[in-house]
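Just so we're clear, the structure is a prediction, and the values are computed from it rather than from any experiment. As the structure lists them, so they are numbered: ligands from 1, and atoms in each ligand from 1.
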Amino acid sequence: MDKFVIKGGRRLTGEVVISGAKNAAVAILPAVILSDEPCVIENVPTISDVNICLRILREMGAVIDELGNNTYRIDPTPIYSFCVPYETARKMRASYYFLGALLGKFNKARVSMPGGCPLGDRPIDQHLKAFSALGANYTLSQGMIDLTADKLCGNPIFFDVVTVGATMNAMLAAVKAEGLTVIENAAKEPHIVDLANFLNSMGANIMGAGTDVIKIRGVEKLRGTTYAVIPDQIEAGTFMAAIAATKGDAIIKNVIPKHLESITKKMEKIGVNIEQYDDSIRVWVDGPLVKANIKTAPHPGFPTDMQSQIATLLTLADGTSIITENIWDQRFGYVDELRRMGADITVNGKVALIEGTGKLMGAPVKACDLRAGAALIIAGLAASGVTEIEDIFHIERGYDCMEGKLRKLGADIEKVSIPDNKASAKNSGKAAV
Ligand code: EPU
């Protein structure tokens, strides 16, 4: 087990390069299964969720060559297994994308139910509704989801809630289904568009991704392609918050500024200066940070995955800020840890009230999920004294070499091994985000 040890109080300056998007990569890698030829995927982030995806593909029979420079050549043609067992599925919530990809390719799939997770209830009813609309039958037994279809046929799918995962899964299952599938109330996140672009580059016919109506005309075959995953919007947002929290001045490279709009607007309100270029931004603070109210919402609203990082920034601002979390029931798990660092935050249901104290103090803390971990890193960088963060395996699920990138920006952060007998017993078997 490892922990991060951060000596706070250093301004972040210089340049940082953002990696490929986790939430795009974990859908694009399973989507390779749909191809009848090998694919080359570039800009794949080095994170443990991606490692799990690659492991699942290998266990199914895919042949994967690492070409260096975050690029993988994946040959899905030898795949002989349609099953993702519990042992691997439980480690990554997004293992549900194997359902859509296997069903779309082989008309059958067997994937363990994704485990519980620290964000609250995470149903998959909308995923199953989409598969049923396309003609698949499902059974849930012994913790496994079995999908079978004689033939998949295009059909209308209307989602009762806006859901990223079910929108992506519906696209994966529909891409080779006979006829036209129309997905209404679809999610519009940048990773939805990225998956559609990837599938279209293999010969799929998907229109409207990025709007709330996606039309998919089924095709018989999909060919190999070379495709680069988009930059990670949330990693970029996390660095924006970290630079701002340390009153730093740095350039964030390899970003799509349009994807950052909702984050940029809020940060500017808080007093952060942001200058946008073609594929990079400069972030700096030269005045006081001020309160803001934030409500999380599906894209193009403020992303829930940036909620804890911006909350940390607001603990350093003047005035009282209100954060309303509208996507997940339990996304304030980081609050108790921030309180240990001197933050004044009160949570009532889905609303958090933050009294900006202008300062944080180092303390030993624990990450309870990926973005909570990111928030604690930001807090540690801005705090006086030393912060030690345990359970960093959560952070390594979704951030590519976070400590190395922060060190290049001037942070004093080290990854230190904790002897196994001292590591938190809570680590074993935790579910993924
Ligand atoms: N929902 C349902 N039924 C479903 C599916 C979702 O009611 O069948 C509800 C959920 O309970 C939630 C809302 O719909 O209240 C949105 O869930 P969504 O399906 O959009 O979330 P997800 O696909 O499971 C992805 C990201 C999350 C991110 C959310 C929202 C991946 C692998 N995960 O989850 O990312 O918070 O979208 O944007 O793409 C993270 O990266 O830290 C993370 C948790």
Side-chain angles (χ1 to χ4, degrees), residues 19-31 45 47-50 52-53 89 91-100 113-133 138 140 145 157-172 183 185-195 212 229-230 232-238 259 262-263 296-309 325-331 333-334 350 367-375 394-400 430-433:
S19 300
K22 167 183 90 92
N23 290 345
V26 296
I28 287 173
L29 293 170
I47 53 176
S48 61
D49 270 11
V50 157
I52 294 165
C53 269
K91 295 200 173 102
M92 184 188 63
R93 176 81 194 169
S95 54
Y96 51 46
Y97 291 130
F98 284 92
L99 280 169
M113 288 280 282
C117 87
L119 307 184
D121 195 20
R122 294 185 77 172
I124 56 161
D125 56 306
Q126 300 300 304
H127 301 239
L128 298 175
K129 177 178 173 177
F131 298 143
S132 299
Y138 65 85
L140 307 175
I145 307 165
I157 299 170
F158 185 90
F159 286 125
D160 305 329
V161 288
V162 179
T163 143
V164 171
T167 301
M168 303 255 232
N169 246 337
M171 286 162 62
L172 294 169
I183 305 174
N185 201 22
K188 298 184 281 226
E189 269 66 4
H191 26 292
I192 305 270
V193 180
D194 207 32
L195 177 64
D212 50 15
V229 175
I230 50 165
D232 197 306
Q233 161 208 23
I234 304 298
E235 188 195 5
T238 303
H259 293 173
S262 62
I263 302 169
T296 64
H299 191 80
F302 190 88
T304 173
D305 296 346
M306 272 300 297
Q307 186 253 99
S308 57
Q309 301 91 315
E325 170 58 49
N326 288 315
I327 309 294
W328 300 117
D329 295 340
Q330 291 171 30
R331 219 171 195 184
Y334 63 90
K350 58 183 198 168
C368 64
D369 66 54
L370 167 61
R371 307 304 172 188
H394 284 298
I395 299 168
E396 293 178 336
R397 249 184 213 142
Y399 287 95
D400 185 345
K430 271 224 173 134
V433 288

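- The closest donor-acceptor contact from the side chain of N185 to the backbone of F158 lies at 3.5 Å or more, if one exists at all.
- Atoms of ligand 1 found under 4.0 Å from any heavy atom of Q126, numbered from 1 in the order shown, are 3 (N), 4 (C), 8 (O).
- Heavy-atom contacts of V161 reach the following atoms of ligand 1: 1 (N), 2 (C), 7 (O), 14 (O) (cutoff under 4.0 Å).
- What you find for R371 and D369 is that their closest heavy atoms are N-OD1, 3.0 Å.
- Here the closest heavy-atom approach between residue I145 and residue I124 is recorded as CD1-CD1, 3.4 Å.
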Could you give me the CA-CA distance, side-chain angles and deciding distance for T238 and Q309, then say whether side-chain hydrogen bond (donor to acceptor under 3.5 Å, both in side chains) is met?
CA-CA 6 Å; T238 303; Q309 301 91 315; 3.1 Å; yes
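- Each of the atoms 22 (P), 23 (O), 24 (O), 34 (O) of ligand 1 lies under 4.0 Å from some heavy atom of Y96.
- A donor-acceptor pair under 3.5 Å links the side-chain atoms of E235 to the main chain of S19, judged by distance alone.
- Of all the atoms in ligand 1, the ones that sit under 4.0 Å from a non-hydrogen atom of T304 are 30 (C), 36 (O).
- The minimum heavy-atom distance between E189 and H299, with the atom names listed, is OE2-N, 3.0 Å.
- Of all the atoms in ligand 1, the ones that sit under 4.0 Å from a non-hydrogen atom of L370 are 42 (O).
- Across all their heavy atoms, V229 and D194 have their closest contact at CA-OD2, 3.7 Å.
- Residue-level proximity to ligand 1 for D160 is absent, since no heavy atom of it falls below 4.0 angstrom.
- Applying the 4.0 Å criterion to heavy atoms of G165 picks out, from ligand 1, the atoms 19 (O), 23 (O).
- Considering all non-hydrogen atoms of both residues, S308 and A372 come closest at OG-N, 3.9 Å.
- Considering backbone and side-chain N/O atoms, A166 never comes within less than 3.5 Å of an N/O atom of ligand 1.
- Ligand 1 has no atom lying under 4.0 Å from any heavy atom of L128.
- Side-chain contact between R397 and I47: absent, with no pair of heavy atoms (C-beta onward) separated by less than 4.5 Å.
- Considering backbone and side-chain atoms together, K22 places an N or O closer than 3.5 Å to an N or O of ligand 1.
- Which of V162, D329, N23 comes nearest to atom 39 (O) of ligand 1 through a heavy atom is settled by distance: it is N23.
- Taking all atoms of both residues into account, the shortest heavy-atom contact from Y96 to N169 is O-ND2, 3.0 Å.
- Interface of I327 with ligand 1, defined as ligand atoms under 4.0 Å from a residue heavy atom, comprises 12 (C), 15 (O), 16 (C).
- Residue contacts with ligand 1: P123 is placed with a nitrogen or oxygen under 3.5 Å of a nitrogen or oxygen of the ligand (distance criterion only).
- For R331, a nitrogen or oxygen atom sits less than 3.5 Å from a nitrogen or oxygen atom of ligand 1, counting backbone and side chain alike.
- Within ligand 1, counting atoms from 1 as listed, the ones closer than 4.0 Å to a heavy atom of A94 are 32 (C).
- Considering backbone and side-chain N/O atoms, V164 comes within less than 3.5 Å of an N/O atom of ligand 1.
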